[in-house]
> 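One structure is given below, represented as structure tokens, and several questions about it will come after.
We count residues from 1, following the sequence as given.
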Amino acid sequence: MLSAMQFARSSGFNSIPSATGGIARLACARLDEMGKDPTVILSKVGLTPGEARDPAIRLEVRTQIKLLELAAEEVQDEWLGFHLARSFDLREIGLVYYVIASSDQLADALRNAERYSKINNEGVRLRFNMQDGTAVIALDYVNVDRHADRHQIEFWLVTLVRICRQVTNGRLLPSRVKTKHFRNGTPAEFRAFFGVDVEFGANADEICFPQPIALLSVVGRDERLNELLRRYAEEALARKPRERLTVRSKAEDILSKQLPHGGVAASEVARRLGMSLRTLSRKLGEEGTSFAEILDQLRAALAKRYLHDKMLPISEIAWLLGYREISSLTHAFKRWTGMTPRRFRSGRLAST
């Protein structure tokens with residue numbers, strides 16, 4: 001029962017996005033397959049093996065993202081999210097998948113996905129629209145730092161394309177696939193799966209199809225079943241708390257835009273949020289964090305993403321992160337990872 005689900009969270013704030021944890025459990029299963037003990041990784045993200053494997057327990061979305069990053073490093077798979085999404089049974093998605101699979105046309109299926117996807121993951125908002133001859137599936141992060149993620153978003157992109165293909169019983173090819181994080185070109189297996197080069201470092205996370213594809217019939221369409229399932233889905237939505245942006249997510253948004261301009265003072269962020277510095281500190285404390293922690297974590301996540309783009313000089317990365325000297329970036333990066341930015345970049349390029 002959805003109403004009986006428990007939460008593995010660091011705090012009880014309703015604004016902290018949770019997910020069913022299905023992707024995290026797939027990652028743990030992959031670790032098991034490769035003879036790796038997931039216990040150490042789980043402890044680093046504050047989970048017990050029991051919590052990680054129990055489908056009745058929801059996880060914080062940030063926890064799932066961090067677990068995927070650590071698991072990818074452990075199994076030395078730079079494309080872990082992509083690989084996990086290629087092989088799992090889509091029926092494991094649960095109620096939302098069956099609502100999609102019983103819809104009339106693909107467009108109806110994607111509108112249902114737009115409405116009900118937060119049942120599975122509150123930190124990712126799916127949007128679907130048709131305009132100018134193109135059907136667009138877009139993904140937006142809610143109260144979660146998008147800069148910290150690669151594997152979860154790639155899992156979503158692959159899964160959505162798989163769903164479109166499965167419910168129409170055809171190998172549908174997107175006209176464009178865009179994602180915000182950087183990669184060094186499109187790997188051959190990405191190109192083989194999507195049928196196009198993925199636009200890494202883009203301004204959005206999107207899948208685009210020619211509009212006629214959205215009008216294809218769903219092979220398992222069943223009007224009565226769909227009506228019944230949507231009733232259950234509406235009940236599940238009604239039990240969810242109203243979505244509201246956290247102060248942390250608002251501060252992260254301001255910081256990501258201001259870092260290249262050096263405007264990283266807490267007082268400036270407080271001013272832009274229309275509150276005093278003391279109020280900002282108090283509200284962040286209530287969310288279990290601090291301004292210094294947010295700034296440090298955001299810089300660490302952005303640094304790793306920027307270093308994946310081999311065309312970005314390290315001097316420019318330092319500027320983008322609000323550092324005036326490369327030495328300041330080097331010192332901070334060694335604290336985050338134990339290595340210099342150049343060594344990190346050379347190791348990543350070699351592995352890919």
> Crowded around E325 CD? As in, over 12 foreign heavy atoms under 6.0 Å?
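It does not: E325 CD has 12 such atoms or fewer within range.
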
> Check whether more than 12 heavy atoms from other residues, nucleotides or ligands sit under 6.0 Å from atom CZ of R342, and answer yes or no.
no

> L106, L215: one ILVMFWY side-chain cluster at the under-4.5 Å cut-off?
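Cluster IDs for L106 and L215 differ.
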
> Just so I know, are the side chains of I314 and R345 near enough to count as touching, which here means a heavy-atom distance under 4.5 Å?
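They are in contact (side-chain heavy atoms under 4.5 Å apart), so the answer is yes.
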
> Could you tell me how the ring of F193 sits relative to the ring of F82: parallel (under 30°), tilted (30 to 60°) or perpendicular (over 60°)?
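Answer is perpendicular, since the angle exceeds 60°.
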
> Just by modelled atom types, is the I93 backbone N or O under 3.5 Å from a matching donor or acceptor in the N120 side chain?
yes

> Any chance you could measure K178, atom NZ, to D197, atom CG, to the nearest 0.5 Å?
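K178 NZ to D197 CG: 14.5 Å, rounded to 0.5 Å.
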
> Is it true that E154 and R183 make a salt bridge, defined as a side-chain N closer than 4.0 Å to a carboxylate O?
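R183 and E154: salt-bridged.
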
> Kindly indicate, with the supporting measurements, whether the criterion side-chain hydrogen bond (donor to acceptor under 3.5 Å, both in side chains) is fulfilled by D37 and T39.
CA-CA 6 Å; D37 183 1; T39 305; 2.7 Å; yes

> Quick one: does any side-chain atom of E316 pair with a main-chain N or O of P313 as donor and acceptor, under 3.5 Å?
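No: the side chain of E316 does not pair with the backbone of P313.
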
> For the atom pair NZ (K66) and CD1 (I41), what is the distance rounded to the nearest 0.5 Å?
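CD1 of I41 is found 10.5 Å from NZ of K66.
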
> State yes or no: do M339 and I326 share one hydrophobic cluster built from I, L, V, M, F, W and Y residues joined by side-chain heavy-atom distances below 4.5 Å, directly or via other members?
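Both belong to a single hydrophobic cluster.
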
> Should R282 and E286 count as an ion pair when the cut-off is N to O under 4.0 Å?
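E286 and R282: salt-bridged.
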
> Between E287 (side chain) and V247 (backbone), is there a donor-acceptor pair under 3.5 Å?
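Answer holds: yes.
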
> With a 4.5 Å limit on heavy-atom distance, are the side chains of L67 and L42 in contact?
yes

> Is the shortest side-chain N to carboxylate O distance from R271 to E268 below 4.0 Å?
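So R271 pairs with E268 through a salt bridge.
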
> Which heavy atom of A52 sits nearest a heavy atom of C28, and at what distance?
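Smallest interatomic distance, heavy atoms only, reads CB-SG, 4.3 Å.
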
> Would D205 and R146 pass as an ion pair if we require N to O under 4.0 Å?
yes

> How far does CG of L280 sit from OG of S290, to the nearest 0.5 angstrom?
10.0 Å

> Could you see if Y97 belongs to whatever hydrophobic cluster contains L228? Use Ile, Leu, Val, Met, Phe, Trp, Tyr and a side-chain cutoff under 4.5 Å.
yes

> Specify the closest pair of heavy atoms between A107 and F128, including all atoms of both residues, with the distance to one decimal.
O-CE2, 3.8 Å

> Using modelled atom types only, decide if a donor and an acceptor are shared between the side chain of D77 and the backbone of A72 within a distance under 3.5 Å.
no

> To the nearest 0.5 angstrom, please state how far the OG atom of S175 sits from the CD1 atom of I213.
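Those atoms lie 7.5 Å apart.
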
> Are S117 and V124 packed together at the side-chain level, in the sense that at least one heavy-atom pair is separated by less than 4.5 angstrom?
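No. Closest side-chain heavy atoms not under 4.5 Å.
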
> Could you report the tightest heavy-atom contact between A214 and Q105, atom names first, then the distance?
O-CB, 4.1 Å

> Taking T134 for its side chain and V136 for its backbone only, find out whether a donor-acceptor pair lies under 3.5 Å.
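Checked: no pair found.
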
> Please assess R324 against W319 for the test side chain to side chain contact (heavy atoms under 4.5 Å, CB included), listing each intermediate value before the final yes or no.
CA-CA 6 Å; R324 294 296 166 255; W319 176 79; 3.8 Å; yes

> Is there a donor-acceptor pair under 3.5 Å between the side chain of R221 and the backbone N or O of V218?
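Here the side-chain-to-backbone pair exists.
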
> Does D104 form a side chain to side chain contact (heavy atoms under 4.5 Å, CB included) with E223? I'd like the steps, not just the answer.
CA-CA 7 Å; D104 184 28; E223 183 178 354; over 6 Å; no

> Using modelled atom types and a 3.5 Å cut-off, is there a donor and acceptor pairing between side-chain atoms of S102 and backbone atoms of V99?
yes

> Could you tell me if R25 sits above the aromatic ring of F88, with its cationic atom closer than 6.0 Å to the ring centre and no more than 45 degrees from the axis?
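Because its charged atom misses either the 6.0 Å distance or the 45° angle limit, R25 does not stack over F88.
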
> Would you call L110 and L126 a side-chain contact if the rule is heavy atoms closer than 4.5 Å?
no

> Could you tell me whether D296 and R299 have a side-chain N and a carboxylate O separated by less than 4.0 Å?
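Looking at D296 and R299, the cut-off is not met.
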
> Please report the closest heavy-atom contact between A192 and R171, naming both atoms and the distance.
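Smallest interatomic distance, heavy atoms only, reads O-NH2, 2.6 Å.
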
> To the nearest 0.5 angstrom, please state how far the OG1 atom of T20 sits from the CD atom of E122.
10.0 Å

> Do T186 and V177 make a side-chain contact, defined as non-hydrogen atoms from C-beta onward lying under 4.5 Å apart?
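The answer is no; the side chains never approach within 4.5 Å.
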
> Under a 4.0 Å N-O cut-off, is there an ion pair linking E33 with R30?
yes

> Find out whether K304 and H147 are in side-chain contact, i.e. whether some heavy atom of one side chain is under 4.5 Å from a heavy atom of the other.
no

> Are L90 and V219 in one and the same hydrophobic cluster, where Ile, Leu, Val, Met, Phe, Trp and Tyr link if side-chain heavy atoms are under 4.5 Å apart?
no

> Check whether any side-chain heavy atom of V196 sits under 4.5 Å from a side-chain heavy atom of L173, and report yes or no.
no

> Using the side chain to side chain contact (heavy atoms under 4.5 Å, CB included) definition, which of the options L68, L80, L59 pairs with I23?
L68

> Regarding R248 and Q297, is there a side-chain donor-to-acceptor distance under 3.5 Å anywhere?
yes

> In terms of ring plane angle, is the pair F344 and F333 parallel, tilted or perpendicular, where the classes change at 30° and 60°?
perpendicular

> Checking side chain to side chain contact (heavy atoms under 4.5 Å, CB included) against F155, which of T159, L157, V158 comes through?
T159

> Looking at D145, is its backbone amide N or carbonyl O close enough to the side chain of R62 to form a donor-acceptor pair, meaning the two atoms are under 3.5 Å apart?
no

> Tell me whether R162 contacts the main-chain N or O of A85 through its side chain, where contact means a donor paired with an acceptor under 3.5 Å.
yes

> If I take atom OH from residue Y98 and atom CG from residue N112, how far apart are they, to the nearest 0.5 angstrom?
16.0 Å

> Inspect the surroundings of CZ in R224 and state if more than 12 heavy atoms from other residues, nucleotides or ligands are less than 6.0 Å away.
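Count not over threshold, so no.
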
> Do Q64 and Q152 have side-chain atoms, one donor and one acceptor, less than 3.5 Å apart?
yes

> Should I137 and M130 be counted in the same cluster of Ile, Leu, Val, Met, Phe, Trp and Tyr side chains packed under 4.5 Å apart?
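Yes, because I137 and M130 connect within a single hydrophobic cluster, where side-chain heavy atoms sit under 4.5 Å apart.
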
> Taking all non-hydrogen atoms of both residues into account, name the closest pair between A233 and I119 and its distance.
O-CD1, 3.7 Å

> Step by step, would you call L139 with I207 a side chain to side chain contact (heavy atoms under 4.5 Å, CB included)?
CA-CA 9 Å; L139 298 170; I207 304 167; over 6 Å; no

> Decide, yes or no, whether a salt bridge links E199 with R176 under the criterion of side-chain N to carboxylate O below 4.0 Å.
yes

> Between E235 and R231, does any side-chain N to carboxylate O distance fall below 4.0 Å?
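Here E235 does not pair with R231 in a salt bridge, since their nearest N and O are not under 4.0 Å apart.
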
> Report, as yes or no, whether the 6.0 Å neighbourhood of atom CZ on R278 holds more than 12 heavy atoms from other residues, nucleotides or ligands.
no

> Taking the side chain as everything from C-beta on, heavy atoms only, tell me whether V161 gets closer than 4.5 Å to L172.
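Contact flag for V161/L172 side chains = no.
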
> Using every non-hydrogen atom in the two residues, find where H151 and D149 come nearest and quote the distance to one decimal.
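Where H151 meets D149 most closely, the heavy atoms are N-OD1, 3.3 Å.
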
> Please assess K250 against D253 for the test salt bridge (charged side-chain N to carboxylate O under 4.0 Å, His left out), listing each intermediate value before the final yes or no.
CA-CA 5 Å; K250 294 176 183 177; D253 184 57; over 6 Å; no

